[in-house]
Amino acid sequence: MPLISVLLPVYNDAPHVRASIESILTQTLGDFELVVINDGSTDDTPELLNQYQDPRIRLIHNERNLGLSPSLNRAIAAARGEYLARQDADDIALPHRLEKQVVFLRSHPDVAMVGSRAIVIDEQGLEQWVLDTPPIADIDIKWSLLFSNPFIHSSVMMRRAVIDKTGGYTEDPVRAFVEDYDLWSRINRVARSANIPEPLEK
């Protein structure tokens, strides 16, 4: 079984998805599976995805567009890893992202989820600045959750055990646009969390 399952939902992201996938396939830690959920894309995304023959990629096609939360829950159900890492189709993981996060979680067994800072890039992929607002310590994250979202969604890695305990992403349409905040709030009621104080994603 892979150590990590990277969850990558894709919907009409043909211009960006190849760079996102390649950033995972070239990670310094190679013990992972990349669970790609094509959420009923109508552009060239399905053709691009079908070109990959890498055995670490597990490709799932939704027959129709289900939305982000149902697609993520389908990816979680298919995932086999001890750790679940999020990746968005328009984001690029830095080469050491998975390795850094696994090392952190292994050295902090009381922490159930960890995010990071990120580099903001423009449409041409040029780096603009570092998004360094996410709080680092658990107590600051819990305080921040009262007012805002203290994690960059696509930077997060979680222990599978905490998802099994708290449930996956909400599919309640009322909370459809805050599915990540909802999940972080539930996880932080029962576990500790952290952000690594360096950018691991852009």
Side-chain angles (χ1 to χ4, degrees), residues 1-10 13 16-39 49 52 54-60 68-69 71-109 111-119 131 134 136 141 149-169 179-184 186-188 191-202:
M1 293 295 180
L3 178 65
I4 307 164
S5 295
V6 181
L7 313 178
L8 174 56
V10 183
D13 285 303
H16 308 108
V17 69
R18 189 183 298 278
S20 182
I21 289 175
E22 294 297 332
S23 76
I24 296 298
L25 296 181
T26 55
Q27 288 288 299
T28 55
L29 191 159
D31 188 5
F32 65 83
E33 63 177 358
L34 176 56
V35 184
V36 181
I37 304 288
N38 170 37
D39 190 20
L49 297 177
Y52 282 94
D54 193 303
R56 295 172 295 177
I57 297 178
R58 299 177 61 201
L59 180 57
I60 301 172
L68 182 57
S69 288
S71 295
L72 283 170
N73 286 335
R74 193 174 182 196
I76 290 170
R80 300 172 296 177
E82 177 183 351
Y83 302 108
L84 305 178
R86 275 285 287 113
Q87 175 78 359
D88 282 333
D90 59 350
D91 288 330
I92 297 171
L94 298 187
H96 54 288
R97 177 207 164 175
L98 298 182
E99 181 179 6
K100 285 260 186 179
Q101 291 185 310
V102 166
V103 168
F104 183 93
L105 289 172
R106 282 178 166 171
S107 62
H108 297 81
V111 173
M113 64 177 288
V114 61
S116 76
R117 293 174 173 171
I119 299 170
L131 186 59
I136 304 305
I141 288 169
N149 191 336
F151 292 97
I152 299 169
H153 195 175
S154 62
S155 78
V156 166
M157 180 181 286
M158 303 165 278
R159 299 184 192 273
R160 176 61 185 257
V162 79
I163 296 297
D164 292 341
K165 184 175 183 178
T166 60
Y169 289 88
E179 79 292 328
D180 54 343
Y181 179 83
D182 175 85
L183 180 56
W184 313 154
R186 282 184 278 124
I187 289 174
N188 275 275
R192 294 172 61 84
S193 60
N195 276 302
I196 293 173
E198 66 176 280
L200 298 178
E201 193 87 6
K202 61 182 180 179

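Since we're looking at a predicted model, the values are computed, not measured. Numbering of residues begins at 1 and proceeds along the displayed sequence.
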Out of curiosity, Asp180 CG to Asp182 CG, how far, rounded to the nearest 0.5 Å?
9.0 Å
Which residues share a side-chain contact (heavy atoms from CB on, under 4.5 Å) with Ser154, sequence neighbours left out
Asp88, Asp91, Ile152, Glu201
With distance as the sole test, does Asn195 use its side chain to make a donor-acceptor pair with the main-chain N or O of Pro150 at under 3.5 Å?
yes
Which atoms form the tightest heavy-atom contact between Arg86 and Pro9, and what is the distance?
NH1-CD, 3.3 Å
With no hydrogens and no angle check, is any side-chain donor or acceptor of Ser155 less than 3.5 Å from a backbone partner on Gly115?
no
State, with a plain yes or no, whether a side-chain heavy atom of Ile187 is found less than 4.5 Å away from one of Ser193.
no
Closest approach of Ala191 to Ala112 (non-hydrogen atoms, all atoms of both residues):
CB-CB, 3.5 Å
Indicate yes or no: at least one non-hydrogen side-chain atom of Leu8 is less than 4.5 angstrom from one of Ile24.
no
Any Pro199 side-chain heavy atom under 4.5 Å of Ile119 side chain:
yes
Have Glu179 and Ser69 got a donor and an acceptor in their side chains that come within less than 3.5 Å?
no
Between Arg159 and Val111 (side chain of the first, backbone of the second, donor and acceptor by atom type, cut-off under 3.5 Å), is there such a pair?
yes
Side chains of Gln101 and Ser116 only: does a donor on one sit below 3.5 Å from an acceptor on the other?
no
Output the distance between atom NE2 (His16) and atom CD1 (Ile21), rounded to the nearest 0.5 Å.
13.5 Å
Among Leu3, Leu200, Val6, side-chain contact (heavy atoms from CB on, under 4.5 Å) partner for Leu98:
Val6
For the pair Val156 and Trp184, evaluate side chain to side chain contact (heavy atoms under 4.5 Å, CB included) and give the outcome as yes or no after the intermediate values.
CA-CA 10 Å; Val156 166; Trp184 313 154; 4.0 Å; yes
Donor-acceptor pair between Arg97 and Gln87 side chains, under 3.5 angstrom
yes
Residue set satisfying ring pair (Phe, Tyr, Trp, His ring centres under 6.0 Å) with Phe104, at least two apart, ordered chain then number -> His108
What verdict does the side chain to side chain contact (heavy atoms under 4.5 Å, CB included) test give for Ile60 and Val35, after you've listed the backbone C-alpha separation in whole Å, the side-chain angles of each residue and the deciding distance to 0.1 Å?
CA-CA 7 Å; Ile60 301 172; Val35 184; 4.1 Å; yes
I need the Leu7 CG to Met158 CE distance, nearest 0.5 Å.
6.5 Å
Check Ile141 against Ala194 and note the closest heavy-atom contact, atom names and distance.
CD1-CA, 3.5 Å
Out of curiosity, Met1 CE to Arg80 CZ, how far, rounded to the nearest 0.5 Å?
6.0 Å
Is there a donor-acceptor pair closer than 3.5 Å between any side-chain N or O of Arg56 and the backbone N or O of Leu25?
yes
Could you list the residues that satisfy side chain to side chain donor-acceptor pair (under 3.5 Å) with Tyr169, not counting sequence neighbours?
His153
Gap between atom CZ of Arg192 and atom CE of Met113 - 0.5 Å precision
13.5 Å
Is the backbone N or O of Ala79 less than 3.5 Å from a side-chain atom of Arg160, with the two atoms forming a donor-acceptor pair by type?
yes
Quick one: do Ile4 and Glu99 satisfy side chain to side chain contact (heavy atoms under 4.5 Å, CB included)? Show the steps, please.
CA-CA 10 Å; Ile4 307 164; Glu99 181 179 6; over 6 Å; no
Can you tell me how far the OG atom of Ser5 sits from the CZ atom of Phe32, to the nearest 0.5 Å?
10.5 Å
